[in-house]
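Below is one structure, written out as structure tokens; the observations come after it.
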Amino acid sequence: MAYSDKVIDHYNNPRNVGTLDKEKKSVGTGLVGAPECGDVMRLQIEVDEETNEIKDAKFKTFGCGSAIASSSLATEWLKGKTIDEALAIDNMEIVEELALPPVKIHCSVLAEDAIKHAINDYREKNGLEPLEK
Amino acid sequence: MNLPIYLDNNATTPMDPRVLEAMMPYMTNLYGNAASRNHSFGWAAEEAVDYAREQIAKLINCSPKEIIFTSGATESDNLAIKGAFEMYASEGNHIITCKTEHKAVLDACKRVEKAGGEVTYLDPQADGRVKLEDIENAITDKTIMVSIMYANNEIGVVQDIKGISAICRKHNILCMTDAVQAVGKIPVDVQADGIDLLALSGHKIYGPKGVGALYVRRKNPRVKVTAQIDGGGHERGMRSGTLNVPGIVGLGKACQLCNDEMESETARLSGMRDKLEKELSQLEESYINGSVEHRLPHISNISFTYVEGEGLMMGVKDIAVSSGSACTSASLEPSYVLKALGLSDDLAHSSLRFGLGRFTTEEEVDYAINHVKEAVTKLREMSPLWEMFKDGIDLSTIEWEEH
């Protein structure tokens, strides 16, 4: 299967690979997918408590090139966004940006899920109600 | 050295130039129909076909008369299984096979079931070999055939065909084997091995695509299969259709070359394969799939834990290998062969099959080793599962959100 240039670029030069301290109150972690399905994404955000802005984002992904690219792109987009802006990220925007074929749409869904899980984790840590999934 | 490097010789092999050379005259001037008995064009074609029959017969130690030409091993498997099921209907309706067989065997067996037959699909042991006792225990008074592949296409594991055929003899049932991966690579001898029906293919042994053969034993016992394609009654009435003369000539030549060069090739290929395996085994948490003792010389199937197969394939784009993960298609099903060995889905997903061949060089193997090592290391640095493993977290205790 042919990958788009953007997927190949993210795969070869992934942005923001790494780990944030998940014990920190300002860090939200989202772990989605399952090894049996061939995709696991872990996406982390660090939030500035005063401005509600995401100051850092990191990911690690076990999965195909499209899954790696979707999470890499998500971290790029998350940095500098407020929580509300981050919540508005739709998986179809990832599909469009990376030109994912239909069989790889689930990778973008997983990335969107990972963002929502990370935000919920952050909210729960800070005494806020989790948002509906 | 040209990139990408072809290391998928269990899927297909490039044609040997010597094979092409042998075929060329039969594509141009010598175009006769081998069934035309009344002129020289036909005689030349028939002579070429007979010579090819001898070349094939020599490789597997049978009589040239026992070779039935087909369009490939898929057709040979179908003819053997469905043909025997129909031919021996009065004696029984039960076939024994194994879960790691090629789809051509499994799906032909499914068809037999639809036609009212019964099929037992045995589980292999963890090393990929079928337990002889399991075969014997599965035999009923309705059993007509055991069909177990000689060597597996994904892991290269070689079955105990002699042991299997001895059981078949004892119970007076047919011993069929799909020997596509084994013929031409390791000694296959239908007499010594006690085989009644054997499928082989041209394009796995540096011959052309679109041609194969079925060996059908003529003596002790005399075996017959019901034709699955009706027509002019070619090939002793078991397979109609004008013979593919150039293809058959190529198949014959390919068999002869394999026969001539088997010993030196086995030493060369297994040497390179062992080097590849030794080097890649140095990567932590990598596992060789299937028996390493009973195996073809040119294949290695390795799982690299905590990296995903398709991502790995993308990382090793300079080498053409095959992955145990089939998630390039819409389904997320990992290899059924690896699953039958008892591998978990994630290990099956993380596997690569290396298939070395006649034209593989040492330099290419060295390149592949470094390329794979780099890709696995890079992907593990990116893998949350690898990090958890390194932190001592038991992944089976995590509640995953399956999609």
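Values below: all heavy atoms of this structure, side chains included; hydrogens, waters and symmetry mates excluded. So you know, we letter chains A, B, ... as the sequences are listed, proteins then strands, and number each from 1.
- For the pair Asp127(B) and Arg295(B), the salt-bridge criterion is not met [side-chain N within less than 4.0 Å of a carboxylate O].
- Heavy-atom distances place the side chain of Lys378(B), and not its backbone, under 4.5 Å from chain A.
- Both the backbone and the side chain of Val40(A) come within less than 4.5 Å of a heavy atom of chain B.
- The salt bridge (Lys or Arg N to Asp or Glu O under 4.0 Å) test with Glu284(B) is passed by exactly one of Lys390(B), Arg380(B), Lys373(B): Lys390(B).
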**Study point:** Intermediate values then yes/no, salt bridge (Lys or Arg N to Asp or Glu O under 4.0 Å), Glu97(A) and Lys6(A)
**Key:** CA-CA 8 Å; Glu97(A) 174 67 19; Lys6(A) 281 185 180 160; 3.3 Å; yes
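- Only the side chain of Leu31(A) comes within contact range of chain B, judged by heavy atoms closer than 4.5 Å.
- Contacts between Glu381(B) and chain A at a heavy-atom distance below 4.5 Å involve the backbone alone (N, CA, C, O).
- Under a 3.5 Å cut-off, the side chain of Ser71(A) and the backbone N or O of Ala111(A) do not form any donor-acceptor pair.
- The candidate with the highest count of non-hydrogen atom pairs below 4.5 Å against chain A, out of Leu347(B), Leu385(B), Leu395(B), Leu379(B), is Leu385(B).
- Ring planes of Tyr306(B) and Trp386(B): tilted class, angle from 30 to 60°.
- Interface remark: Pro14(A) contributes side-chain atoms only to the contact with chain B (heavy atom separation under 4.5 Å).
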